[in-house]
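In what follows, a structure is listed as structure tokens, so that the remarks can point back to it.
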Number of protein chains: 2
Amino acid sequence: MAIKRKDSSTEQKIVVAAQKTFMLRGYDGARMQDIADQAGINKAMLHYYFDTKDKLFEMVFATAYTQIAPNLSILTNESVPLMLRVENFVNHYTTVLMEQPQLASFVVNELNRNPEKVMHFLRGLVSDNTLAQAFMRSVEKEGKTNANMAKLHPIHLLMHIVSLCYFPFVGKPLFQYLLKLDEFQFQIVLEQRKQETILFLKLMIEGKK
Amino acid sequence: MAIKRKDSSTEQKIVVAAQKTFMLRGYDGARMQDIADQAGINKAMLHYYFDTKDKLFEMVFATAYTQIAPNLSILTNESVPLMLRVENFVNHYTTVLMEQPQLASFVVNELNRNPEKVMHFLRGLVSDNTLAQAFMRSVEKEGKTNANMAKLHPIHLLMHIVSLCYFPFVGKPLFQYLLKLDEFQFQIVLEQRKQETILFLKLMIEGKK
DNA sequence: GTCTATAATTTGATAGAC
DNA sequence: GTCTATCAAATTATAGAC
């Protein structure tokens with residue numbers, strides 16, 4: 001035992017421990033001591049590798065955001081029918097969130113609580129800048145070939161889709177309490193939701209069951 | 001033995017200040033000093049009136065929860081048609097959340113981050129215990145008189161409704177960033193959503209536009 | 001009831017030995 | 001690169017005067 005590892009291995013242990021701790025407790029609730037304990041090292045090491053709590057946090061947030069921020073390009077690729085794009089979107093994020101249930105809650109909450117720590121990172125992301133407009137155009141285009149969705153407003157469609165996919169995870173404790181579902185039962189409901197949500201959205205987009 | 005009467009006006013100032021601070025920063029991010037400053041008093045007074053930070057928080061959370069926890073009785077009153085109940089629900093919570101935009105984010109986040117501080121309060125609420133079942137029954141009953149919604153699962157309908165109403169507020173910073181909406185534009189979108197959401201749900205429940 | 005001053009504890013960060 | 005020991009600041013909470 002007590003075999004000293006190389007830098008990258010220690011760094012990796014820190015990253016994993018920091019992800020767990022920040023996701024579970026948020027920036028304000030996370031303690032450097034907890035991260036050190038979970039990584040099996042001491043606090044001094046954390047600062048040796050990542051300097052400050054803020055830098056550690058930014059690293060964790062950046063990874064989390066790129067994993068969960070709605071990838072609008074999935075919804076924007078016009079070579080694929082709109083409904084299929086939506087289906088891919090729902091399936092993708094439901095799967096990702098079932099693997100990391102606190103991801104959405106973490107990102108959404110830090111955006112609310114610590115915007116100043118997070119905004120300078122978001123401003124660095126130029127990739128998102130035109131995607132929203134591209135999505136709107138592609139929905140409007142679809143409206144011209146499908147009378148059923150002529151009145152469908154792109155912004156609201158996007159908010160519907162994202163809300164239906166994300167909130168079940170963000171509001172997990174609320175739903176579990178209200179519906180008296182244990183962990184196993186809740187997982188089943190989440191799995192069912194892939195189909196339920198797609199069916200629901202299909203009804204709206206294509207105007208038929 | 002002589003019980004000192006606490007100044008209700010000071011107490012009220014503390015309550016308001018605590019609500020603002022906890023809602024904005026969460027339990028972990030809130031500082032007693034900030035609450036004192038905002039109430040125009042000093043920290044000693046806070047402890048004189050509410051003893052500990054935990055007690056102050058529990059008071060704030062209890063009020064917030066009862067304001068925003070989905071009032072399922074709105075959805076359960078079988079003397080009103082299901083679709084009208086849903087409409088009332090959407091209108092009610094959209095209005096409440098537009099008046100207090102951080103309410104949903106606060107409650108949902110504390111349920112995730114500090115369940116131990118919050119669960120003993122939730123356990124004290126017996127009123128919610130049977131409402132979920134009542135809602136399920138009333139939806140299933142409606143299914144027997146309306147072929148269009150025969151396949152509509154009550155749990156998923158509930159999760160759809162709550163997700164569509166709450167997430168636009170919880171995810172407000174995310175949507176504002178993605179869609180490049182300023183405060184004014186976002187308020188307009190939220191106002192539109194009342195009708196958009198109801199239309200969407202009507203389509204599902206009644207199977208028609 | 002309200003205040004000032006201060007205690008007691010927690011926490012992020014650093015110094016320095018090995 | 002890793003550790004122990006410790007600092008400085010922040011933060012909840014209390015003591016005691018008025």
Side-chain angles (χ1 to χ4, degrees), chain A residues 1-62 106 110 113-114 116-118 120-121, chain B residues 1-61 106 110 113-114 116-118 120:
Chain A
M1 210 171 153
I3 298 172
K4 294 178 181 178
R5 302 280 173 182
K6 291 186 176 182
D7 344 340
S8 67
S9 145
T10 298
E11 186 168 334
Q12 198 50 32
K13 278 191 289 186
I14 293 175
V15 170
V16 172
Q19 285 175 331
K20 271 191 200 167
T21 306
F22 278 122
M23 296 249 201
L24 198 64
R25 306 283 310 138
Y27 176 86
D28 296 314
R31 296 290 161 252
M32 296 293 271
Q33 185 64 59
D34 292 345
I35 297 174
D37 290 347
Q38 202 153 57
I41 57 169
N42 56 57
K43 280 191 293 179
M45 278 282 91
L46 292 183
H47 289 96
Y48 178 76
Y49 277 88
F50 288 90
D51 215 24
T52 66
K53 183 182 180 182
D54 278 27
K55 295 229 178 85
L56 238 190
F57 171 76
E58 282 175 31
M59 183 268 300
V60 170
F61 183 85
F106 170 68
E110 297 306 328
R113 292 281 186 273
N114 298 301
E116 75 286 351
K117 290 202 193 310
V118 146
H120 98 273
F121 162 74
Chain B
M1 201 60 196
I3 299 174
K4 294 176 183 176
R5 289 203 66 177
K6 293 176 178 176
D7 189 322
S8 66
S9 122
T10 300
E11 185 168 335
Q12 199 48 36
K13 278 192 287 185
I14 293 175
V15 170
V16 172
Q19 284 174 333
K20 271 191 198 164
T21 306
F22 278 123
M23 296 249 203
L24 198 65
R25 306 284 309 141
Y27 176 86
D28 296 314
R31 296 288 162 254
M32 295 295 270
Q33 184 64 60
D34 292 344
I35 297 175
D37 290 348
Q38 203 152 55
I41 55 167
N42 57 56
K43 280 188 296 178
M45 279 283 90
L46 292 184
H47 288 96
Y48 177 76
Y49 277 88
F50 288 90
D51 214 25
T52 66
K53 182 182 180 182
D54 277 28
K55 294 229 179 83
L56 237 191
F57 171 76
E58 282 175 30
M59 184 268 300
V60 171
F61 182 84
F106 170 67
E110 296 306 327
R113 292 281 186 275
N114 298 302
E116 75 288 351
K117 291 202 193 309
V118 145
H120 97 273

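To find a chain, count down the sequence lines: A is the first, B the second, and so on, and within it residues start at 1. Being a predicted model, the structure only gives us computed values, none of them experimental.
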Look at the side-chain N and O atoms of B:Y48 and state whether any lies under 4.0 Å from the OP1 or OP2 oxygen of C:dC3.
no
So do the side chains of B:K20 and B:V15 get within less than 4.5 Å of each other, counting heavy atoms only?
no
Side-chain N or O of A:T10 closer than 4.0 Å to phosphate OP1/OP2 of D:dT2:
yes
Take atom CZ of A:F50 and atom C1' of C:dA13, then tell me their distance rounded to the nearest Å.
16 Å
Per atom distances to the A:I41 side chain, the nearest of C:dC3, D:dC3, C:dG12 is D:dC3
Without decimals, in angstroms, what is the distance between A:D54 CG and C:dA13 P?
7 Å
Distance in angstrom units between A:Y49 OH and C:dT14 P, rounded:
17 Å
Side chain of A:H47 only, please: which of C:dT14, D:dT2, D:dT12 is the nearest?
C:dT14
At 4.0 Å (heavy atoms only), tell me whether B:A30 reaches a base, stays on the sugar-phosphate, or touches nothing.
sugar-phosphate
When you check the side-chain N and O atoms of A:Q38 and A:D34, is any donor under 3.5 Å from an acceptor?
no
Do we get A:K117 above A:Y27's six-membered ring, with its NZ or CZ under 6.0 Å from the centre and within 45° of the axis?
yes
Can you figure out which of C:dT11, D:dT2, C:dC3 approaches the side chain of A:R31 most closely?
C:dT11
When the distance from NZ of B:K117 to P of D:dT12 is rounded to whole Å, what number comes out?
12 Å
Candidates D:dT4, C:dT2, D:dA13 - which lies nearest the side chain of A:N42:
D:dT4
Residue A:K53, side-chain atoms from C-beta onward, closest of C:dT2, C:dA13, D:dT12
C:dA13
Please work out if B:M45 contacts a base, only the sugar-phosphate, or nothing of the nucleic acid, heavy-atom cut-off 4.0 Å.
base
Whichever of B:K43 and B:G40 has the more 5' nearest nucleotide on DNA chain C, that residue is B:G40
Strictly under 6.0 Å, is that where the ring centroids of B:F22 and B:F57 end up?
yes
Whole angstrom value for the distance that separates C1' of D:dA13 from NZ of B:K55:
12 Å
Just the rounded figure in Å: distance from P of D:dT12 to CG of A:D28.
12 Å
Tell me the interatomic distance from A:M32, atom CE, to D:dA8, atom C1', rounded to whole angstroms.
16 Å
Length of the line joining A:D34:CG and C:dT11:P, which is rounded to integer Å
8 Å
Which nucleotide in the set C:dA15, C:dG12, C:dC3 lies at the smallest distance from any side-chain heavy atom of A:A44?
C:dA15
A:R113 with A:D28: basic N within carboxylate O range, under 4.0 Å
no
